[in-house]
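Okay, structure first, notes after.
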Amino acid sequence: MKKRIVLYKRLSDALLARLHQHVEVTYVDTTGKDGLARLRDALPGAHGLLGASLRLDHSLLDLAPQLQVVSSVSVGVDNYDIAELTRRGVLLTNTPDVLTETTADTGFALILASARRVVELANWVRDGHWQANLGPSHFGCDVHGKTLGIVGMGRIGEALARRGAAGFGMRVLYHSSRPKPEVDARHGAQYRSLDALLSEADFVCLTVPLSSSTEELIGARELALMKPEAILVNIARGRVVNERALIDALREQRIRAAGLDVFVQEPLPVDSPLLHLANVVATPHIGSATQETREAMARCAVENLLSALAGQRPANLVNEQAWGNGQPNNTIAT
Ligand code: NAP
């Protein structure tokens, strides 16, 4: 008999067909006020879950005692209680690598947009204000030749470093959990303490995962270390920054600007002060949001899920410890 999976993300016809070959699929739309109730109804008997951005609490997991795998269509796994999944012997998989370059493109889009005031001035033109030549009050700042500071030198961090060094002739500094001589060699990057990076960089770009060690890594003290002409770009997670302190720093122009793809609360509330500051470029968590990359992520998640349900070690296993907790006994033919 085919195993059952609950899908809470829309997939392309090709990927759905791939799933239907091997498993019984129940699609649940988790949006809207009844979304969670629909998910609860679908969970009993589920062997696998596939989707993104859902907080799977104990009460939801209790409804799915046969659950073997949660296949997340994301690289970030901060919304899962990994210890609890591991304790229950449930594998958690994610989709690294396939989104690295696209997310680094988003980082650079935010660097350029905030430095050159692209969104603010495009709106200014649209609103009919372009009646004469521009003056210094409309000028932005250069990106090329400046100092790029990357916080979190992992996959996306290195893709940003490559763009900065090779494409824009930037000096690249980074802070990470440890120095990475191989990255230094590839991009001429230099390791710094967080404080030194904040005080030297013209662009501070955040690419760390959200964890207990990175939550509010950037607060009032850290923002005060940045140069008044520096720009903060966050493509990691909203909670890596103390948003209140950031709003104050931007409002008082203690830093020049911010390019933000992620927020403490998403969707960003329409009354957020961030939306009323001219020196903020806010995008709706589009880091990996291209057709090609979202399809590649979904494909990766489908293969992770099918491997796990077939008793094979999935390529992108997050909780290694859960592997071996009886998983290989529960197999399907793929
Ligand atoms: P990654 O390869 O694991 O890179 C993360 C880097 O951060 C690693 O080098 C890690 O060090 C470092 N790090 C971890 N904790 C740290 C700390 N406390 N202080 C300093 N450095 C620390 O992950 P990735 O694929 O580049 O993705 C990074 C994050 O970007 C994801 O977790 C996700 O939250 C976010 N993201 C956002 C979007 C979006 O749509 N905006 C899209 C994709 C990803 P080690 O190498 O020593 O582990």
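Being a predicted model, the structure only gives us computed values, none of them experimental. Start at 1 and go down the list; that is how both ligands and their atoms are numbered.
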Inset, instruction - Just go through T214, I286, T207 and tell me whose heavy atom is the nearest to atom 28 (C) of ligand 1. - result: T207

Inset, instruction - Using atom types as modelled and distance alone, determine if a side-chain donor or acceptor of R117 lies under 3.5 Å from a backbone N or O of F139. - result: yes

Legend entry - Check: S74 side chain, G76 main-chain N or O, donor-acceptor pair, under 3.5 Å: yes

Check [X] against ligand 1 and report side chain, backbone, both or neither, counting heavy atoms closer than 4.0 Å.
X	result
M153	backbone
P209	both
I156	both
S177	both

Inset, instruction - Check if E158 has a non-hydrogen atom at a distance under 4.0 Å from any atom of ligand 1. - result: no

Legend entry - Within-shell test, P96 vs ligand 1, heavy atom, strictly < 4.0 Å: no

Inset, instruction - Begin with the C-alpha distance, continue with both residues' side-chain angles, and end with the deciding distance and a verdict on salt bridge (Lys or Arg N to Asp or Glu O under 4.0 Å) for R256 and E229. - result: CA-CA 5 Å; R256 180 193 288 267; E229 65 273 21; over 6 Å; no

Quick one: look up the protein heavy atom nearest [atom] and list residue, atom name and how far away it is.
atom	value
atom 3 (O) of ligand 1	R155 NH2, 3.6 Å
atom 41 (N) of ligand 1	D261 OD2, 2.9 Å
atom 12 (C) of ligand 1	S176 OG, 3.6 Å
atom 31 (C) of ligand 1	V75 CG1, 3.8 Å

Legend entry - Sub-6.0 Å ring centroid separation between F108 and F168: yes

Inset, instruction - Using a 4.5 Å cut-off on heavy atoms from C-beta on, say whether the side chain of I286 contacts that of T106. - result: yes

Inset, instruction - Any chance you could lay out the side chain to side chain contact (heavy atoms under 4.5 Å, CB included) test for E215 and V240, step after step, and finish with the verdict? - result: CA-CA 5 Å; E215 182 155 14; V240 173; over 6 Å; no

Inset, instruction - Would you mind checking if E266 and R237 are paired as a salt bridge, meaning a charged N to carboxylate O distance below 4.0 Å? - result: no

